Amino acid sequence: MSGRRIGPVGALVLALVVLWAAAAAVDPDQRALDRLRRPPLGLPPVPDPGGEAPTEATIRLGRALFLDRRLSVNNTLSCAMCHVPEQGFAVNEIRTAVGHEGASLRRNAPTLLNVAYAAPFFLDGREPDLSLQPLDVLVNPDEMAMPSLGAVVERVRSITGYDRMFADAFGGPATAQRIGGAIAAYLRTLLAADSPFDRWYYGGDEDAVSAAARRGFGLFTGRAGCSACHRFGESDGLFRDGAFHDTGLGRRRGDSTSRGGSPVEVELVPGMVVTMAADAVASVGETPLPDLGRAEVTGDPSDRWRYKTPSLRNVALTAPYMHNGSIATLREVVEFYRDGGFSHDGIDPLIRPIDLDDGEVDDLVAFLESLTAGNLDELVADARSVPVGNPGME
C-alpha cells in the first residue's frame with residue numbers, strides 16, 4: 001500500500017460506486033415485498049386480499065406475466081403497453097387506450113400506482129377482486145383478445161420457463177386463478193408515495209413543499225371543496241372516496257356522438273387536434289361506442305355517466321385526464337371544475353362553479369404536483385428488472 005490519500009473527487013466517485021453496488025444487490029422481489037409490509041410514507045396498510053399472502057416467487061411471476069406480449073392472442077400486446085412503467089403506469093400519448101389490432105377503447109388507461117387500494121376495479125367498478133381484473137383484460141376482444149381463459153392457460157403452459165416459475169410460486173402448473181393471482185401479487189407492490197406533500201404533512205418537514213403548494217392545499221380543503229371527493233386522513237391518505245360521480249363529461253360525449261352531423265374533434269398526433277366534418281370521420285373509422293359508466297354494471301339509470309373517483313396521488317404523471325382522456329393538462333382539469341363541469345340535470349351536486357382566480361388555479365396545480373411519489377424510480381427499475389431469458393422477455 002502506498003498510503004496515498006483519496007482526494008475529494010475520488011471519494012465521491014467511490015461513494016457513488018458503493019451506493020450503486022448496494023442498490024444493484026437489492027433483490028427487486030424482496031424490495032417489492034418490503035413495500036407491501038411497510039408502505040411508503042403517506043399510505044395506509046395494504047388491504048388483505050385474503051387467501052395466500054404474496055411471496056417473492058408470486059411477485060416475480062406476476063411481473064413477468066405483466067410484461068409478456070405472448071399473453072395476447074397475436075403476441076403483440078402486454079399489460080405494460082397500456083400501463084407503461086415510465087409513464088406512471090399509464091399512457092401519456094393518447095386519450096384512450098389502443099387494443100387488439102388497433103382497436104380504440106372507450107376509456108383512458110388509469111394508472112396502476114397504488115391499485116392495491118382501488119377496489120372496486122375499472123372506471124365503472126365492475127370487478128371487485130384484483131386477482132380477477134387481469135383475466136377480464138386478457139379475454140376482452142378489444143384488448144388482449146384471447147378467445148377464452150382456457151386458451152390463456154394453454155398459452156402460458158406452452159411457454160418454456162413458466163412451468164418452473166409456477167411451481168416455485170404455487171407448487172403446481174398454471175391455472176387461470178394462479179395467473180390472475182400472480183399478476184395481482186405484483187400489482188399490489190406498486191405502492192407510490194413519500195411525496196413532498198407526505199414529507200410535509202405527515203412527516204413534519206416544513207421545507208418539503210413550496211408556499212404555492214401550501215396555499216393550494218388550503219384551497220383544496222377549503223373553498224375549492226376538492227377534498228369532498230378526494231379524501232385523506234390525519235395519518236395517511238389516498239385522495240379518493242371510493243364512490244362514483246357524474247361530472248357531465250359522459251353526458252356531453254353521449255350528446256356529441258348522437259348528433260351525427262356535428263363537427264368532430266380529431267387528435268392527429270399528441271397535442272394536435274383538428275375539427276372535421278362528422279361524415280368525413282365516419283368514412284374512415286367506427287362510430288364511437290356509447291359509455292354509460294357505472295350504469296352498465298348496476299343497470300340503474302341513476303348511475304348513468306358516473307365514474308369512479310381516481311386517486312390524486314401521482315396525478316402530475318398521468319395525463320391526459322378524466323375517464324375519456326379528454327383533458328390534456330392539470331391546469332385545464334382545475335379550470336374545468338372551476339367552471340362547474342358540464343352542467344345537466346343529473347350532474348353530481350358537488351360539481352358547481354368555484355370562485356377561483358388564475359393565481360389560485362396555479363396554487364392548486366402546485367399542490368397537485370406535490371403529490372408525486374419519491375420512490376417512482378424504484379418502481380420503474382423493479383418493473384424493468386426482468387432479465388433477458390426470463391419467460392416475460394423472450
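Everything numeric in this text was worked out from a predicted model, so none of it was measured.
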Do Ile354 and Met322 belong together in a cluster built from hydrophobic side chains that touch within less than 4.5 Å?
yes
Distance in Å, Leu135 CG paired with Asn140 CG, rounded so as to fall on 0.5 Å steps
12.5 Å
Answer yes or no: is there a donor N or O on one side and an acceptor on the other, between the side chain of Arg214 and the main chain of Glu206, under 3.5 Å?
yes
Verify side chain to side chain contact (heavy atoms under 4.5 Å, CB included) between Phe89 and Val115, making sure each step is shown before the conclusion.
CA-CA 10 Å; Phe89 287 82; Val115 71; over 6 Å; no
Indicate the atoms forming the closest heavy-atom contact of Arg60 with Asp29, along with that distance.
NE-OD2, 2.8 Å
What I'd like to find out is whether the side chain of Thr247 reaches to under 4.5 Å of the side chain of Tyr307, using heavy atoms alone.
no
Under 3.5 Å, side chain of Asp303 to main-chain N/O of Gly293, donor-acceptor pair present?
no
Is the CD atom of Glu86 crowded by more than 12 outside heavy atoms at less than 6.0 Å?
yes
Checking the side chain of Tyr162 only, and the main-chain atoms of Arg155 only, is there a donor and an acceptor separated by less than 3.5 Å?
no
Using 4.0 Å as the upper bound for N to carboxylate O, is an ion pair formed by Asp124 and Arg107?
yes
Taking the side chain as every heavy atom from C-beta outward, state whether Leu364 and Arg338 have any pair of such atoms under 4.5 Å apart.
no
Please answer whether the main-chain N or O of Gly341 pairs with a side-chain N or O of Asp339 as donor and acceptor at a distance below 3.5 Å.
no
Contact between Asp136 and Phe122 at the side-chain level, heavy atoms closer than 4.5 Å - yes or no?
yes
Under 3.5 Å donor-acceptor, Arg251 side chain and Gly248 backbone
no
Search all heavy atoms of Pro47 against all heavy atoms of Tyr117 and return the closest pair with its distance.
CD-CD2, 3.6 Å
Are Val361 and Leu371 connected, step by step, through hydrophobic side chains (Ile, Leu, Val, Met, Phe, Trp, Tyr) whose heavy atoms are closer than 4.5 Å?
yes
Spatial distance of atom CG (Asp194) from atom CG (Asn375) [nearest 0.5 Å]
6.5 Å
Using distance alone, with no hydrogens and no angle criterion, decide if Ser311 and Asn114 have a side-chain donor and acceptor under 3.5 Å apart.
no
Whether His230 side chain and Pro310 backbone form a donor-acceptor pair below 3.5 Å:
yes
Should Val297 and Leu123 be regarded as members of a common hydrophobic cluster, given that ILVMFWY residues are connected when their side-chain heavy atoms come within less than 4.5 Å of each other, either directly or indirectly?
no
Given the rule in the side chain to side chain contact (heavy atoms under 4.5 Å, CB included) test, do Arg199 and Leu41 qualify, once you have shown the distances and angles that lead to the verdict?
CA-CA 7 Å; Arg199 294 192 289 274; Leu41 177 67; 4.2 Å; yes
Student check: side-chain heavy atoms of Arg95 and Asn324 closer than 4.5 Å:
no
Determine, using ring centers only, whether Phe197 and Phe239 are less than 6.0 Å apart.
yes
What I'd like to find out is whether the side chain of Ile347 reaches to under 4.5 Å of the side chain of Phe342, using heavy atoms alone.
no
Any carboxylate oxygen within less than 4.0 angstrom of a Lys/Arg side-chain nitrogen, looking at Asp198 and Arg313?
yes
Tyr321 and Phe336 aromatic centres sub-6.0 Å:
no
Over 12 foreign heavy atoms within 6.0 Å of CD, Glu52:
no
How about Leu379 and Arg35: do any of their side-chain heavy atoms sit closer than 4.5 Å?
yes
At their closest point, which heavy atom of Leu43 faces which heavy atom of Asp236, and how far apart are they?
C-CB, 3.7 Å
Pairs involving residues 360-372, ordered by first then second residue, that meet side chain to side chain donor-acceptor pair (under 3.5 Å) (sequence neighbours left out):
Arg215-Asp363, Arg223-Glu360, Arg331-Asp362
Whether over 12 other heavy atoms sit under 6.0 Å from Gln177 CD:
no
Joint hydrophobic cluster, Leu138 plus Ile159, side-chain heavy atoms closer than 4.5 Å:
yes
For the pair Asp246 (side chain) and Asp348 (backbone), establish whether a donor and an acceptor sit closer than 3.5 Å, ignoring hydrogens and angles.
no
Do Ile183 and Val380 share a hydrophobic cluster, counting only Ile, Leu, Val, Met, Phe, Trp and Tyr and linking them when any side-chain heavy atoms are less than 4.5 Å apart?
no
In this structure, CG of Leu112 is separated from CD of Gln133 (nearest 0.5 Å) by 7.0 Å
In the structure I gave you, are the side-chain heavy atoms of Phe121 and Pro110 within less than 4.5 Å of one another anywhere?
no
Please assess His323 against Leu249 for the test side chain to side chain contact (heavy atoms under 4.5 Å, CB included), listing each intermediate value before the final yes or no.
CA-CA 8 Å; His323 75 276; Leu249 274 176; 3.9 Å; yes
Between the side chains of Asp142 and Arg106, is the shortest nitrogen-to-carboxylate-oxygen separation below 4.0 Å, so that they form an ion pair?
no
Glu127 side chain to Asp129 backbone, donor-acceptor under 3.5 Å:
yes
Using 0.5 Å steps for rounding, measure from the CZ atom of Arg126 to the CZ atom of Arg294.
11.0 Å
Kindly indicate whether the side chain of Pro28, heavy atoms from C-beta on, has any atom under 4.5 Å from the side chain of Arg63.
yes
Find the distance between CZ (Phe217) and OG (Ser227) and round it off to the nearest 0.5 Å.
8.0 Å
Closest approach of Phe244 and Pro120, non-hydrogen atoms and distance?
CZ-CG, 4.0 Å
Look up atom CZ in Phe66 and atom NE2 in His83, then write down how far apart they are to the nearest 0.5 Å.
6.5 Å
Would you name the heavy atoms of Pro301 and Gly299 that are closest together and state the gap between them?
CD-O, 3.4 Å
Under 3.5 Å, side chain of Glu332 to main-chain N/O of Ile327, donor-acceptor pair present?
no
Under the side chain to side chain contact (heavy atoms under 4.5 Å, CB included) rule, what do Leu67 and Arg384 come out as? Steps first, then yes or no, please.
CA-CA 9 Å; Leu67 291 164; Arg384 298 306 185 188; 3.5 Å; yes
Does Arg306 come within less than 4.0 Å of Asp300, counting only side-chain N to carboxylate O?
no
So that I can tick it off, tell me whether Asp163 and Arg157 are bridged by a salt bridge, with the cut-off set at under 4.0 angstrom between side-chain N and carboxylate O.
no
Please work out whether the ring planes of Phe220 and Phe367 are parallel, tilted or perpendicular, with thresholds of 30° and 60°.
tilted
Can you check whether Leu77's main-chain N or O pairs, donor with acceptor, with Ser72's side chain at less than 3.5 Å?
yes
Shortest non-hydrogen contact between Val73 and Ala145, atoms and distance:
CB-O, 3.3 Å
